[in-house]
Amino acid sequence: MKRKKVKSIKQLGNTGTQLEKEVAAMEEAMKQHNIEENCQKLIDGLMPQIKDMERTLYGTYHRNIIEYSTSRIKTPESIVEKLHRKNREVSLNKAIETLRDLAGIRIICSFQDDVYRVAGAIKKLPGYELVKEKNYITKPKSSGYRSIHLILRPPKTTSNIKCIEVQVRSAAMNYWAILEHQLCYKNEKKGAERIRKELKECAIDIAKIDKKMLKLRKEIEKI
Ligand code: 0O2
């Protein structure tokens, strides 16, 4: 999706809300400190290993364990929003110090058990240190969100960005997350409460379907 252009501090002048100014300042600071380039380097360092893993897993299981992987660099808007949400000072230094998902990779797997297979393999990647693991499958977020988040520290980094987040989820979990992200996530509109509740019910239904598909695959494998 194309990102809305952020007005610079100069363009905003005396106009613009406090939030717009914070986003513009964040964008400028990110440019000055090469944040995008440094995040991209972390992504480029890890992506080939994920591609290798994809090939190895295919060789072992004779089917696609990983459907595909994507990457993103956190936008200034998203950084400012997260710092506010966490009640932290809105500055690049604070973002670098406290947000560990400035660089992110998302891996989409076919089945639920594949998510654990891939997460397990990611944790064993040579040189990468596992800083934190969050299992939102066994403990879904209150929204209904399910995924595994792994925060990794790459080998011998001299970059100002020390960590990269890898999200691993099934295609079904991803289907829900994409639609929920569009419809409701971070949307504080009035009346959204009922919709949020229904989206959570959808997440539960989708998790049931994910389980059913896994059961079917296992039955087919026995034939
Ligand atoms: P962007 O930049 O727009 O892609 P943390 O506080 O960092 O330790 P967590 O859960 O990793 O814990 O952080 P956070 O900020 O709650 O969520 C990080 C990312 O997880 C989000 O990135 C989403 O990709 C995904 N995510 C988390 N919760 C939800 C949810 O309820 N719904 C959906 N659809 N996705 C979720 P952003 O914020 O989208 O960042």
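When a ligand or atom number is given, it counts from 1 through the structure's own listing order.
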Under 3.5 Å between some N or O of ligand 1 and some N or O of [X]?
| X | answer |
| --- | --- |
| Arg169 | no |
| Arg72 | yes |
| Ser78 | yes |
| Arg100 | no |
| Asp101 | no |
| Ile178 | no |
| Lys74 | yes |

Quick one: does ligand 1 sit under 4.0 Å from the side chain of Glu165, the backbone, both or neither, non-hydrogen atoms only?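 For Glu165, the contact with ligand 1 is made by the side chain alone.
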
Residues [X] and [Y] bridged, charged N to O under 4.0 Å:
| X | Y | answer |
| --- | --- | --- |
| Lys200 | Asp205 | no |
| Glu221 | Lys218 | no |
| Lys197 | Glu201 | yes |
| Asp113 | Arg217 | yes |
| Arg194 | Glu198 | yes |
| Lys222 | Glu219 | no |
| Lys31 | Glu28 | no |

Cation-pi, Tyr61 ring and Arg117 (6.0 angstrom, 45 degrees):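 That pair qualifies as a cation-pi contact.
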
Which atoms of ligand 1 sit under 4.0 Å from any heavy atom of [X]?
| X | value |
| --- | --- |
| Ser143 | 30 (C), 31 (O) |
| Tyr136 | 9 (P), 10 (O), 12 (O) |
| Ala177 | 34 (N) |
| Arg106 | 24 (O) |
| Lys141 | 10 (O), 14 (P), 16 (O), 17 (O), 27 (C), 28 (N) |
| Lys86 | 5 (P), 6 (O) |

Go through the side-chain N and O atoms of Glu165 and Gln167 and say whether any donor and acceptor fall under 3.5 Å apart.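 Checked: Glu165/Gln167 side chains pair up, N/O donor to acceptor below 3.5 Å.
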
Please confirm whether Arg85 comes under 4.0 Å of ligand 1, counting heavy atoms of the residue only.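 In this structure, Arg85 qualifies as a contact of ligand 1 - some heavy atom is under 4.0 Å.
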
For the residue pair Tyr145 and Trp176, does the interplanar ring angle fall in the parallel (under 30°), tilted (30 to 60°) or perpendicular (over 60°) class? tilted

To atom 12 (O) of ligand 1, the nearest of Lys134, Gln182, Glu180 on a heavy-atom basis is Lys134

Option whose closest heavy atom lies nearest to atom 23 (C) of ligand 1, chosen from Gln167, His149, Lys200, Arg146: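 Checking each option, the heavy atom nearest atom 23 (C) of ligand 1 is found in Gln167.
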
Give me the atom names and distance for the closest heavy-atom approach of Pro48 to Asp44.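 What the structure gives for the nearest pair is CD-O, 3.0 Å.
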
